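Throughout, protein chains are lettered first and strands after them, A, B, ... in sequence-line order, and every chain is numbered starting at 1. Please read these numbers as outputs of a predicted model, since none were measured by experiment.
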Number of protein chains: 2
Amino acid sequence: MTIRPDFGTSAVIAPDLSGIVQAIHASARCAGSFADEETIRRALSALQRGPIHFHRDKVIACEGEAADYIFVVVSGVVRSCKTYQNGSRGVVAFYLPGDLFGWDDAKCSLSIEAATDVMVLFLKRRALLSLAARDSRIGSYLLAQTTKELGRTQQHSLLMGQCAKSRVATFLTDLWTRLGKPASVDLPMLHQDIADYLGLTIETLSRTITSFEQSGMLKRQSYRKLVLRKPALLSQLID
Amino acid sequence: MTIRPDFGTSAVIAPDLSGIVQAIHASARCAGSFADEETIRRALSALQRGPIHFHRDKVIACEGEAADYIFVVVSGVVRSCKTYQNGSRGVVAFYLPGDLFGWDDAKCSLSIEAATDVMVLFLKRRALLSLAARDSRIGSYLLAQTTKELGRTQQHSLLMGQCAKSRVATFLTDLWTRLGKPASVDLPMLHQDIADYLGLTIETLSRTITSFEQSGMLKRQSYRKLVLRKPALLSQLID
DNA sequence: CGGCAATTTGAAGGCAGTCAATTAAAGTGG
DNA sequence: CCACTTTAATTGACTGCCTTCAAATTGCCG
């Protein structure tokens with residue numbers, strides 16, 4: 001069992017629920033909640049299932065399936081995507097360690113799949129919702145999380161209207177930023193996943209990265225390892 | 001003051017808050033709520049402002065502006081969009097009468113603008129959130145509404161990865177369906193808005209509609225009035 | 001009827017896609 | 001540890017869809 005390289009130090013952010021519990025506790029700004037941090041932890045643990053391990057490309061939740069669970073990524077990368085009859089595919093989002101997702105109703109017809117080998121935690125949806133009804137801190141947290149994801153998705157739909165260079169530059173700088181601006185960026189997912197996420201072919205993705213390298217903006221250390229030499233120049237391509 | 005043609009009968013769905021109040025009441029499935037329907041109505045009315053009228057292309061809320069309000073469309077169509085330095089524009093979503101929106105945090109940098117002459121109701125964001133903390137029915141409603149919008153936005157980002165014919169066919173059939181499948185479809189917004197929403201130019205949009213007309217799938221009655229003759233064929237173009 | 005705005009149509013060019021071949025990297029077994 | 005196989009990524013040549021720029025047409029409103 002080989003765990004693929006993942007998002008550096010952030011990979012171990014959420015080995016359990018403690019990150020979420022603290023986030024809920026921190027986001028509580030409203031009166032009326034009647035549970036302390038320990039209570040939240042115990043309540044969440046009670047409706048937790050897993051974490052469960054999935055190999056790359058395994059389907060975690062099928063499209064159209066009854067959406068009984070909310071997911072938390074413990075390690076690795078998860079993709080939310082749709083495969084069409086002609087074999088092409090669109091990737092809506094990637095989820096990294098610590099991300100809570102799976103709010104889309106069942107009708108949304110998106111498939112949740114492992115983009116790398118991953119560990120995923122399951123939370124019973126109905127139980128979580130009824131918990132949110134009793135403790136407004138959890139409700140606020142869920143709303144804030146969903147709003148954040150809505151914002152990201154809006155940005156992504158805007159990105160899809162741009163040219164290839166802008167899309168790739170945005171993806172690389174976003175990823176680099178999320179990783180804490182390390183010296184070198186390890187792409188945790190396949191180029192095919194990135195291309196489907198950006199609405200491009202792997203050939204165009206590859207050629208675009210090559211053009212960035214020829215401009216001196218970045219350097220390839222290997223297929224999946226890049227060094228961003230001039231991030232400022234890359235950012236100028238965005239918009 | 002000329003009110004432009006809008007979404008037929010649905011234009012008068014929400015002249016006030018009654019639609020939302022009922023939706024909140026209906027979506028209540030959790031214990032712990034301590035307000036009846038009349039209480040909700042009064043609470044919402046208290047933090048309501050407007051409705052206010054905006055002419056087409058007027059900015060309702062500027063990008064980056066402190067997001068103090070949540071919006072409800074009373075009549076007309078609102079667009080959520082971003083204008084780039086080079087003058088191009090991307091439209092993330094259209095909001096129709098009855099839609100509640102404006103959840104995106106301030107940082108999201110989207111501009112809320114009138115796509116037609118519109119009437120918009122304002123709700124104080126903080127007051128609504130604290131109300132949601134006290135009454136879980138309102139919290140659930142807000143979460144459900146945000147989730148619904150997230151799903152729509154995901155579908156839209158997928159759409160942007162498709163070819164022009166699929167995008168236009170999807171837009172037309174979706175609109176036709178939302179309008180209750182009437183005999184003829186009145187496009188309430190300009191072609192430029194639709195093109196920016198679909199990530200196309202107005203020329204490509206026009207040419208695509210022309211090709212649909214030549215295939216006998218639809219017929220133009222005027223620039224903004226279409227008759228979908230073979231909706232099934234149009235749907236086949238969607239993937 | 002006249003003038004402006006919106007849409008349609010036409011012709012030419014560019015960016016990204018497709019198909020095919022090569023190279024690099026990772027996994028496998030001797 | 002190295003040869004072999006398989007998978008992933010790069011590169012090249014060509015095609016096609018969509019854009020761009022320009023002109024004509026339609027529709028709206030005074």
Peer 1: Measure from CD on B:Gln162 to P on C:dA16 and round the result to the nearest Å.
Peer 2: 18 Å

Peer 1: Could you work out which one of C:dT8, D:dA8, D:dT11 sits closest to the side chain of A:Arg220?
Peer 2: D:dT11

Peer 1: Nearest of C:dA16, D:dT10, D:dT26 to any side-chain atom of A:Cys163?
Peer 2: C:dA16

Peer 1: For a quick test of reading the model: is some side-chain N or O of B:Arg56 closer than 4.0 Å to OP1 or OP2 of C:dA6?
Peer 2: yes

Peer 1: With the side chain of A:Ser222 defined as its heavy atoms from C-beta on, choose the nearest nucleotide among C:dA25, D:dC18, C:dA20.
Peer 2: C:dA25

Peer 1: Please give, in whole Å, the distance from D:dT10 P to A:Phe212 CZ?
Peer 2: 13 Å

Peer 1: Please say which of A:Tyr95, A:Phe54, A:Phe122 ends up in a ring-ring contact (aromatic ring centres under 6.0 Å, His included) with A:Phe71.
Peer 2: A:Phe122

Peer 1: Below the 4.0 Å mark, does C:dT9 have OP1 or OP2 next to a side-chain nitrogen or oxygen of B:Thr210?
Peer 2: yes

Peer 1: Taking only the side-chain nitrogens and oxygens of A:Thr204, find out if one of them lies under 4.0 Å from OP1 or OP2 of C:dA16.
Peer 2: no

Peer 1: Both A:Tyr223 and B:Asp57 contact DNA chain C. Which one's nearest nucleotide lies toward the 5' end?
Peer 2: B:Asp57

Peer 1: Under 4.0 Å between a side-chain N or O of A:Arg207 and OP1 or OP2 of D:dT11?
Peer 2: no

Peer 1: Just to be sure I understand the rule, does B:Ile209 reach a base, reach only the sugar-phosphate, or reach nothing, if contact means heavy atoms closer than 4.0 Å?
Peer 2: nothing

Peer 1: Which nucleotide in the set D:dT10, D:dA8, C:dA16 lies at the smallest distance from any side-chain heavy atom of A:Arg224?
Peer 2: D:dA8

Peer 1: Is there a donor-acceptor contact under 3.5 Å from the side chain of B:Gln162 to the main chain of B:Asp239?
Peer 2: yes

Peer 1: In whole Å, what is the span from the CD1 atom of A:Ile202 to the P atom of C:dC19?
Peer 2: 13 Å

Peer 1: D:dT26, C:dG17, C:dA24: which one has an atom nearest the side-chain heavy atoms of A:Leu200?
Peer 2: C:dG17

Peer 1: Report the C-alpha separation of B:His156 and B:Tyr197 in whole Å, then their side-chain angles, then the decisive distance to 0.1 Å, and conclude whether the ring-ring contact (aromatic ring centres under 6.0 Å, His included) test is met.
Peer 2: CA-CA 9 Å; B:His156 183 237; B:Tyr197 177 70; 4.1 Å; yes

Peer 1: Nearest to the B:Thr201 side chain among D:dT26, C:dA16, D:dT20, which nucleotide is it?
Peer 2: D:dT20

Peer 1: In whole angstrom, give the distance that lies between atom NZ of A:Lys225 and atom C1' of D:dA9.
Peer 2: 18 Å

Peer 1: Take the protein atom CD of B:Gln214 and the nucleotide atom P of C:dT8, then report the distance between them rounded to whole Å.
Peer 2: 13 Å

Peer 1: Of the nucleotides D:dT20, D:dC18, D:dG12, which has the atom closest to the A:Glu203 side chain?
Peer 2: D:dG12

Peer 1: Pair A:Leu100, A:Glu149 - check side-chain contact (heavy atoms from CB on, under 4.5 Å), show working.
Peer 2: CA-CA 9 Å; A:Leu100 184 88; A:Glu149 174 141 11; over 6 Å; no

Peer 1: Using atom CZ of A:Arg89 as one end and atom C1' of C:dG17 as the other, report the distance to the nearest whole Å.
Peer 2: 18 Å

Peer 1: In whole angstroms, how far is the P atom of C:dA16 from the CG atom of A:Leu205?
Peer 2: 12 Å

Peer 1: Please report, rounded to the nearest Å, how far the P atom of C:dA5 is from the CG atom of B:Asp193.
Peer 2: 17 Å

Peer 1: Would you check, one step at a time, whether the test side-chain contact (heavy atoms from CB on, under 4.5 Å) holds for A:Leu110 with B:Leu158?
Peer 2: CA-CA 10 Å; A:Leu110 288 174; B:Leu158 282 176; 3.8 Å; yes

Peer 1: Identify whether the distance between the nearest side-chain nitrogen and carboxylate oxygen of A:Arg178 and A:Asp99 falls below 4.0 Å.
Peer 2: yes

Peer 1: Of A:Thr208 and A:Gln221, whose nearest nucleotide on DNA chain C comes first from the 5' end?
Peer 2: A:Thr208

